[in-house]
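First the structure, in the form of structure tokens, and then the observations on it.
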Protein chains: 2
Amino acid sequence: MGKSGGMWMAFFRGRYLHSLDAKGRVAIPQRFRESLGGGDEALRLVMTVDPEGCLVVYPEAVWQELEGKWHSLPQMNDELKTYLRFMVGWASDGALDRQGRILVPPPLREYAGLEHDVWFVGVLQNFEIWNGDRLEKATGRDRVRSVTQKLSGLF
Amino acid sequence: MGKSGGMWMAFFRGRYLHSLDAKGRVAIPQRFRESLGGGDEALRLVMTVDPEGCLVVYPEAVWQELEGKWHSLPQMNDELKTYLRFMVGWASDGALDRQGRILVPPPLREYAGLEHDVWFVGVLQNFEIWNGDRLEKATGRDRVRSVTQKLSGLF
DNA sequence: CCACATTCCCCCACTTTTCCCCACGAATCA
DNA sequence: TGATTCGTGGGGAAAAGTGGGGGAATGTGG
């Protein structure tokens, strides 16, 4: 399922409830691990923050692409600097341990308000890690309905 | 009827009452299985949620087309992010087991309020899975009547 | 340069979930 | 009335997630 199907793009989909243990570790959903990297090698990733109040996780390759874009931008204005201070300043790169877990650094844990229960949410190219209450607010039906209305013209 | 008639399009039609077992599995109506995939191969599908409070199931091919469209849009847009968090964030892809059943992941089960009895409703390109009470409310005559009036110009 | 504390990561053990298989009963059709 | 199809239920192996002990690495303060 989702894995060897052939031309099935390696997108992240779905939501999973996992638990952050006392050491600050959390297991990446198996489904996401499959989308993370080729074969059974490194599985490196980059984690940073999102203004919505959650963490965002990119496969290393995707992140590098982003950095390339930022680096090649013509001029460095204040807005870009603010943006980079945010995205890059919070970024933490790492790898999965042998049990498929990552260690969430304390500052990121605090930023996203992560306690014991955390939600993983796949959004195609990357996935997010949420505090349950915040996620609920961000995906409430009322909000989704209005957004759906606006976007429905696009497809 | 409906099935082998020749140029009969493989749309989903009709409603069926099935039961979710203790393990969260439910059999896909045979009629729907026929419309799902070519021949007797994979029969892969993607299940997600609808703001109305039910689940939506797409054949894999239909879903991929949607993802392709989303993927081609500017990913930094907040509204798109909210939309993806909803549609993709709830998505679950899988295949039928040997008895033609799917496993409904607990979060989706809870979202749609699915207990033992669940309704399958075909709506052309995809089909939905409903809690009985919610379905009744969503398809009440009064509501349908007013909607029908609004649409009457379209066909 | 050397204790000491802290952090991180490996390994192991346990519980829960998922999935594959077989079997039964009702309905349908010949 | 026998055979086939379809929906339902459950056993059991495999996989995935969780928690904790302990050693290596890192960093800090004398």
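Just so it is clear: chains get the letters A, B, ... in the order the sequence lines come, proteins before strands, and each one is counted from 1. Heavy atoms only: backbone and side chains are in, while hydrogens, waters and symmetry mates are out.
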Using a 4.0 Å heavy-atom cut-off, does Ile28(A) contact any base of the nucleic acid, only the sugar-phosphate backbone, or nothing at all?
sugar-phosphate
Look at Arg98(B) and dC21(C) and indicate whether a side-chain polar atom (N or O) is within less than 4.0 Å of OP1 or OP2.
yes
Which whole-number value in Å describes the distance from Arg15(A) CZ to dG17(D) P?
17 Å
Heavy atoms of other groups near Gln99(B) CD, more than 12 under 6.0 Å
yes
Can you check the Leu17(A) CG to dT16(C) C1' distance for me, whole Å?
13 Å
Measuring from the side chain of Arg101(B) (C-beta onward, heavy atoms only), which nucleotide among dG9(D), dG19(D), dG17(D) has the closest atom?
dG9(D)
Using a cut-off of 6.0 Å, state whether more than 12 heavy atoms not belonging to Gln30(B) lie near its atom CD.
yes
For the pair Asp50(A) (side chain) and Cys54(A) (backbone), establish whether a donor and an acceptor sit closer than 3.5 Å, ignoring hydrogens and angles.
no
Please report the distance, rounded to the nearest Å, between CZ in Arg31(B) and P in dA27(C).
19 Å
When rounded to whole Å, the CG to C1' distance for the pair Leu20(A) and dG17(D) reads 13 Å
Distance test, side-chain N/O of His116(B) to OP1/OP2 of dG7(D), below 4.0 Å
no
Distance check needed: dC10(C) C1' versus Leu96(A) CG, whole Å only.
14 Å
Does any N or O donor sit under 3.5 Å from an N or O acceptor when you compare the side chain of Arg25(B) with the base of dG7(D)?
no
Determine, for Glu110(B) against Arg15(A), whether the closest basic-nitrogen to carboxylate-oxygen distance falls under 4.0 angstrom.
no
d(CG, Asp21(B); C1', dC20(C)) in whole Å
14 Å
I need the CZ-C1' distance between Arg33(B) and dC6(D), as an integer number of Å.
7 Å
Gln99(A), nearest nucleotide to its side chain (from dA16(D), dT8(D), dC12(C))
dC12(C)
Of the nucleotides dC20(C), dG21(D), dG7(D), which one has an atom closest to the side chain of Lys23(B)?
dC20(C)
Give Ile102(B) one of three labels, base, sugar-phosphate or nothing, depending on what nucleic acid heavy atoms sit under 4.0 Å from its own.
nothing
Can you tell me if the side-chain N/O atoms of Ser19(A) get under 4.0 Å from OP1 or OP2 in dG19(D)?
yes
Quick one, Phe12(A) and Leu124(A) - any side-chain contact, counting heavy atoms below 4.5 Å?
no
Among the candidates dC9(C), dG12(D), dA23(C), find the nucleotide nearest to the side-chain atoms of Asp97(A).
dC9(C)
Rounding to an integer number of Å, can you tell me how far His18(A) NE2 sits from dT17(C) P?
11 Å
Between Leu103(A) and Pro105(B), name the one whose nearest nucleotide on DNA chain C is closer to the 5' end.
Leu103(A)
